[in-house]
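Encoded as structure tokens, the structure appears first; notes follow it.
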Amino acid sequence: MKASKKTVLFVLMALFAFSGSHAALAASNAEMQFVQKLDSVLSKGSLEDALILFESMPANLEEDVDLKSLHASLLLSAGKTVDAEKIALLLLQKEPKNIDILLLNAMVAKQKKNNVKKQQYLKQILAIQPNNPDANIEFGNEQAVKRNYRNARDYYLKAIKGDPQNIEALFGHGKMSYYLQRDDDSKKSFNKILELEPNYAPALSYLAKFESESRHFKKAVEYISKAIEIDPTNSEYYFDLGNFNRQVGKFAEAEKAWKKATQLDPDYFLGYAYLAGVYDEQNKLDPAYENYKIVVQKNPNYYYAYESIGMIARHKGNYDEARKAFEAAYNANPNNTSYALMIACCWQKLKKPQECKKFTEKAMKNLDRNSYEYLALRLIHDMTGDSTLTLKVQSEESKKKKGKYLYYLANYWDLKGNQSLAHKYYAEVLDIQGADFFEYRLAEWLEKGVE
């Protein structure tokens, strides 16, 4: 196990403080050799070797507060919380107002998931030093997780006041300001970070978002590409890269980015959803279908994917699979009567009218008998006539509603074997301008011969 960069820096600072103390100046050669060796081991980032070295620490150094704090922090980083706590509590007894020791005890409490103790220590720190960066950042992080963005931002501002160059505080403030739509404050923090640390990928990623929101997609791609160059293992950056490219119609580049995202995070459904969507948009139905199937494997509650699976399966004549997909969508969103109508039509396509009647009777039970939903379901249930629904649809002023139920009239005539009348109604659906209901796409696929 290797120490984190932050741990090593903390350790080296402690060693520097020790080397300037009277104890270090008066130390024997053995003691100085210990300090130098510890410095060397930690510079290489090895926690295990450093902890082993402490076992041979000279007796004269065993009570040094800086070195004991260092030992405890290394134990904590190595996951040896019980051992770290013993040392931290002993140090606290000796120096109850030492901010570094209070922070050490707070981090021990955090690792033990004792939030009450952690907050107690952090509040003691802030009573002594109100703008202490570490304590304020920890409180800010807590508030951010709870989505109390304003409170979190205020804590990060205090941390910045205590240390204007603290990257973590600046990033927290930038992120909270982004959520609070205080764009100028957010950009100011992210740009300040890049002045201090030009290769700080998270700041670059947020500046990319700002450029995208201003529709400056070329600049957004530049920012996020640099972030990826710095941190090529962050799947979120590839999600953003794909979205930016998608916005300007660069489907191949978007596809490439999202494929990389799924490689980096294969259990997260969103990458597959994006891929399915970009294939679907290009009418590449086979790869769209395969990716939608993966989406529902990863996230069974994402019912929009079931809707798309049902659409593609129905278009390809796989009516039983379409029925099952629309049933899953209907169970998740029972207020969407389009799903119920699709299930009914699939049962009729499967030549199982009794199963259809059983389903539609239940679906119609609580519907207004004069509503479009009831009349359309009744039409597929009875399969004996369409006059009531036809008259109602032809006089409907809402283009969306009219188009949707023209589609089901077309389905009815398709089921009755009257292809001429079915295609007449499908053509009327396609005359609807700016259509945003999924039945329109089904009609379009059918009439335009999409495979």
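Of the N and O atoms on the side chains of D231 and T233, at least one donor lies less than 3.5 Å from an acceptor on the other residue. Inspection of the E439 and Y405 side chains reveals no N or O donor paired with an N or O acceptor under 3.5 Å. No donor-acceptor contact under 3.5 angstrom links the side chains of Y306 and N331, judged on distance only. In this model, a donor atom of one side chain and an acceptor atom of the other lie less than 3.5 Å apart for N141 and Y156.
When side chains are defined from C-beta on, Y303 does not count as touching V296, because their heavy atoms never get closer than 4.5 Å. Using a 4.5 Å cut-off on side-chain heavy atoms (C-beta onward), I101 and V65 make contact. Using a 4.5 Å heavy-atom threshold, the side chains of F139 and K123 count as touching. Here the side chains of Q394 and L406 are in contact, with some heavy-atom distance below 4.5 Å. Between L91 and N98 the shortest side-chain heavy-atom distance does not fall below 4.5 Å. No side-chain heavy atom of L377 sits under 4.5 Å from any side-chain heavy atom of Y374. The closest side-chain heavy-atom distance from D286 to K316 is below 4.5 Å. Residues Y289 and I309 meet the side-chain proximity criterion, which asks for heavy atoms closer than 4.5 Å.
Taken to the nearest 0.5 Å, the NZ atom of K68 stands 8.5 Å off from the NE2 atom of H71. Residue Y272 holds its OH atom at 6.0 Å from CD1 of I294, rounded to the nearest 0.5 Å. Atom CD of residue E373 and atom CG of residue N336 lie 9.5 Å apart, to the nearest 0.5 angstrom. Rounding to the nearest 0.5 angstrom, the gap separating the OG atom in S235 from the CG atom in L241 is 12.5 Å. Rounded to the nearest 0.5 Å, atoms SG (C345) and CG (N411) are 4.0 Å apart. Taking OH from Y408 and OG from S338, the interatomic distance works out to 4.0 Å, rounded to the nearest 0.5 Å.
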When you look at L204 and F190, which way does the side-chain contact (heavy atoms from CB on, under 4.5 Å) test go after all the steps?
-> CA-CA 8 Å; L204 289 164; F190 293 135; over 6 Å; no
Step-by-step side-chain contact (heavy atoms from CB on, under 4.5 Å) determination, N115 to Q119 | CA-CA 6 Å; N115 196 51; Q119 294 213 0; 3.4 Å; yes
Between Y292 and D280, is a side-chain hydrogen bond (donor to acceptor under 3.5 Å, both in side chains) present by the stated rule, with each step listed?
-> CA-CA 10 Å; Y292 282 129; D280 201 341; 2.8 Å; yes
Criterion side-chain contact (heavy atoms from CB on, under 4.5 Å) on L442 and M342, from CA distance to verdict = CA-CA 11 Å; L442 284 168; M342 281 293 173; 3.1 Å; yes
Step-by-step side-chain contact (heavy atoms from CB on, under 4.5 Å) determination, Y238 to D265 = CA-CA 11 Å; Y238 287 97; D265 198 353; over 6 Å; no
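Within a 6.0 Å sphere centred on NZ of K117, other residues, nucleotides and ligands contribute 12 heavy atoms or fewer. Within a 6.0 Å sphere centred on NZ of K209, heavy atoms belonging to other residues, nucleotides or ligands number more than 12. Atom CD of E229 is surrounded by 12 or fewer heavy atoms from other residues, nucleotides or ligands within 6.0 Å. Atom CZ of R441 has more than 12 neighbouring heavy atoms from other residues, nucleotides or ligands inside a 6.0 Å radius. Shown here is F217, whose CZ atom has more than 12 heavy atoms of other residues, nucleotides or ligands within 6.0 Å. In Q181, the CD atom is not crowded: 12 or fewer heavy atoms of neighbouring residues, nucleotides or ligands sit closer than 6.0 Å. Atom NZ of K392 sits in a crowded spot, with more than 12 heavy atoms from other residues, nucleotides or ligands closer than 6.0 Å. With a 6.0 Å radius and a threshold of 12 heavy atoms from other residues, nucleotides or ligands, K188 has its NZ atom at or below the threshold.
Cation-pi geometry between K404 and Y407 is not met at under 6.0 angstrom from the ring centre and within 45 degrees of the axis.
For the side chain to side chain donor-acceptor pair (under 3.5 Å) with T81, the qualifying choice from Q111, K112, K86 is Q111, the only one to do so. Looking at K284, E255, E290 one by one, the single match for side chain to side chain donor-acceptor pair (under 3.5 Å) with Y279 turns out to be E255. Of the listed residues (Y223, F171, Y237), just one forms a ring-ring contact (aromatic ring centres under 6.0 Å, His included) with Y206, and that residue is F171.
What you find for L194 and A203 is that their closest heavy atoms are CD2-CB, 4.0 Å. Residues G140 and A152 share a closest heavy-atom pair of O-CB, 3.4 Å. Closest approach of A305 to V295, counting heavy atoms only: CB-CG1, 3.7 Å. Across all non-hydrogen atoms, the minimal contact from E447 to L430 is CB-CD1, 3.6 Å. When all heavy atoms of V278 and F251 are compared, the pair lying nearest together is CG2-CD2, 3.4 Å. When all heavy atoms of I128 and K97 are compared, the closest pair comes out as CD1-O, 3.7 Å.
A donor-acceptor distance shorter than 3.5 angstrom exists from the side chain of T262 to the backbone of K259, with no hydrogens or angles considered. Side chain of S73 to main chain of L70: a donor-acceptor pair is present (N/O by atom type, distance under 3.5 Å, no hydrogens or angles). In this structure, the side chain of S212 does not engage the main chain of A208 through any donor-acceptor pair within 3.5 Å. Here the side chain of N105 pairs a donor or acceptor atom with the backbone of A88 at under 3.5 angstrom. For the pair S186 (side chain) and D183 (backbone), a donor-acceptor distance under 3.5 Å is absent. For the pair K298 (side chain) and P266 (backbone), a donor-acceptor distance under 3.5 Å is present. No donor-acceptor distance shorter than 3.5 angstrom exists from the side chain of N318 to the backbone of E321, with no hydrogens or angles considered.
A salt bridge does not link E222 with K226: none of the charged nitrogens is closer than 4.0 Å to a carboxylate oxygen. Between E138 and K110, at least one side-chain nitrogen of the basic residue sits less than 4.0 Å from a carboxylate oxygen of the acidic one, meeting the salt-bridge criterion. Between E142 and K118 a salt bridge is recorded (basic side-chain N to carboxylate O distance below 4.0 Å). Salt-bridge check for R153 with D185: failed, with every basic side-chain N at 4.0 Å or more from each acidic carboxylate O.
Taking the six-membered ring for Trp and the full ring otherwise, the centers of F210 and Y178 sit less than 6.0 Å from each other.
Contacts of K158 classified as side-chain contact (heavy atoms from CB on, under 4.5 Å), with partners at least two apart in sequence or in another chain: N131, N136.
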